[in-house]
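Notes for the one structure printed next.
Order of listing sets the numbers, starting from 1, for every ligand and every atom in it.
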Amino acid sequence: MTRNFDQYTKKRLNRYYEILRQKAERIRDHKVNSIYQAYPEIRELENKKIQAGIAHIRNQISGFVDQKTLELAEIDRELVNILNLHNIPLDYLEPDYNCKICRDRGWINNDYCSCVDRVLMEINQQNNLYLPSPDHTFANFNIDIFSEQKNPVFFQGKLSPREAMRGLRTIAKRYADNFAENPDNLYFFGTTGTGKTFLMSCIANELNKQGVNLVFIKAVKLFELMAQRRTLLNSFSPDPEEQDSVNRRFDLINKTELLCIDDIGLEAKGLLNTYSDLIVLLDDRLNANLPVIMTGNLKPSELAEEYDERIQSRITGNYQLLMLEGPDIRTQTAKGKIEQDAD
Ligand SMILES: [Zn+2]
């Protein structure tokens, strides 16, 4: 009997499989390209094969005696020879899917594939491990807590924090609405208590509702995990269970559809003695076309000084930069009551 899942789970499953497929296909494309580059004769034969195939079909339709079938068989023989000669598997055009049964479709013979249970577990783990505060939503977004006063200290006195926040809210909302077509990278930066985390959480909660698989993690936690992973990697006899758990968590972060890193800043950086792991993570995700949203209290230029020039160049080159300025909402509202956990 076919299993049934609720709409939300279905959406998340579909997205998860889509990303698995895209990743496998991208790796395949890359591999095929380097094969063609090394052995252009293989590409030539593949092209000939396609042309002969088209001619063969055309002949069949018009009822000609089929010379092309012979030609096709001849090309195939040649292709197999040359692939064998270079030790290239005959199915080199086939992506290396995680699940060979359903080819990362999650679905086969009108039923869910057996790999669905493992994928559901991963999705649930993402859910349980890292999600933003559930009440940080666009619906709960109270623009009134931001000051209407223009102040020369903020936005050169040209915008009040409230006006600026209204603009940023529109950008954030649009980002969530257009995520499927245009998943950009964002960096929200500004001083403490200006609402960066709140904005990112709104996006994350909105997308989570739409079924996007995402991870929302504090930079400190991410760096802790990276440091732990590095220690285990360098250790002579790491505890296999711990290593497995750390690797699994890191893997979830690495391949989640949207990664939200909260609060990149001076406090977080102390934990890392190397930024190469973060750079690799950011590069992996850029190459796989998987977006990242970050918040931080460092300007892009300060990222170079405090972190690493390579991190700064990645962010300025590939991220939409969104600045927040204004008085600290938390100290303001703390005078009355805290209405929003603003940062
Ligand atoms: Zn499967």
Side-chain angles (χ1 to χ4, degrees), residues 1-36 46 49-50 53 79-80 83 87-131 179-183 204 207-217 225 229 240-260 280-281 283-292:
M1 203 185 81
T2 305
R3 295 168 63 180
N4 218 344
F5 298 113
D6 60 274
Q7 281 308 108
Y8 174 72
T9 309
K10 276 186 200 161
K11 268 193 226 164
R12 295 200 65 174
L13 277 173
N14 282 341
R15 282 185 168 277
Y16 203 90
Y17 280 112
E18 195 182 329
I19 283 177
L20 283 181
R21 285 200 303 276
Q22 283 173 354
K23 200 164 179 187
E25 282 157 15
R26 251 192 308 269
I27 294 170
R28 186 266 326 263
D29 290 349
H30 189 79
K31 203 177 67 189
V32 168
N33 271 335
S34 38
I35 289 174
Y36 286 169
E46 290 286 4
K49 192 173 154 181
I50 293 168
L79 197 56
V80 169
L83 290 174
N87 280 323
I88 299 166
L90 299 184
D91 63 349
Y92 75 105
L93 289 171
E94 173 75 4
D96 184 17
Y97 292 114
N98 272 31
C99 177
K100 310 281 181 257
I101 302 168
C102 66
R103 307 169 81 235
D104 293 348
R105 263 86 187 156
W107 187 263
I108 191 157
N109 299 333
N110 288 322
D111 202 350
Y112 284 103
C113 178
S114 55
C115 64
V116 133
D117 290 307
R118 183 181 46 79
V119 167
L120 274 177
M121 228 168 68
E122 291 198 3
I123 288 175
N124 287 334
Q125 235 169 348
Q126 275 184 353
N127 263 348
N128 297 338
L129 273 176
Y130 318 101
L131 273 184
F179 183 78
E181 298 88 60
N182 187 25
L207 290 175
N208 180 42
K209 205 168 68 187
Q210 291 173 24
V212 171
N213 299 289
L214 61 93
V215 164
F216 188 104
I217 186 170
L225 185 69
R229 183 163 161 268
E241 226 165 90
E242 190 191 357
Q243 191 162 36
D244 187 51
S245 142
V246 167
N247 284 342
R248 221 181 30 233
R249 263 181 297 161
F250 188 76
D251 195 43
L252 286 177
I253 290 168
N254 188 295
K255 68 181 192 205
T256 190
E257 190 172 1
L258 172 66
L259 174 60
C260 303
V280 170
L281 174 68
D283 281 353
D284 267 3
R285 295 191 57 90
L286 271 179
N287 291 335
N289 240 334
L290 296 171
V292 175

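- With respect to E94 and R103, a salt bridge is recorded, a charged nitrogen being found less than 4.0 Å from a carboxylate O.
- Inside a sphere of radius 2.8 Å centred on the Zn ion (ligand 1), the protein N/O/S atoms present are C99 SG, C102 SG, C113 SG, C115 SG.
- By the 4.0 Å N-to-carboxylate-O rule, K255 lies close enough to E122 to be salt-bridged with it.
- When only modelled atom types and interatomic distance are considered, N208 and Y8 share a side-chain donor-acceptor pair under 3.5 Å.
- Between Q22 and Y17, the side chains place no donor N or O within less than 3.5 Å of an acceptor N or O (distance only, hydrogens not considered).
- For the residue pair N213 and R12, a side-chain donor N or O sits within less than 3.5 Å of a side-chain acceptor on the partner.
- A salt bridge is defined here as a Lys NZ or Arg NE, NH1 or NH2 lying under 4.0 Å from an Asp or Glu carboxylate O, and D6 with K10 fails to meet this definition.
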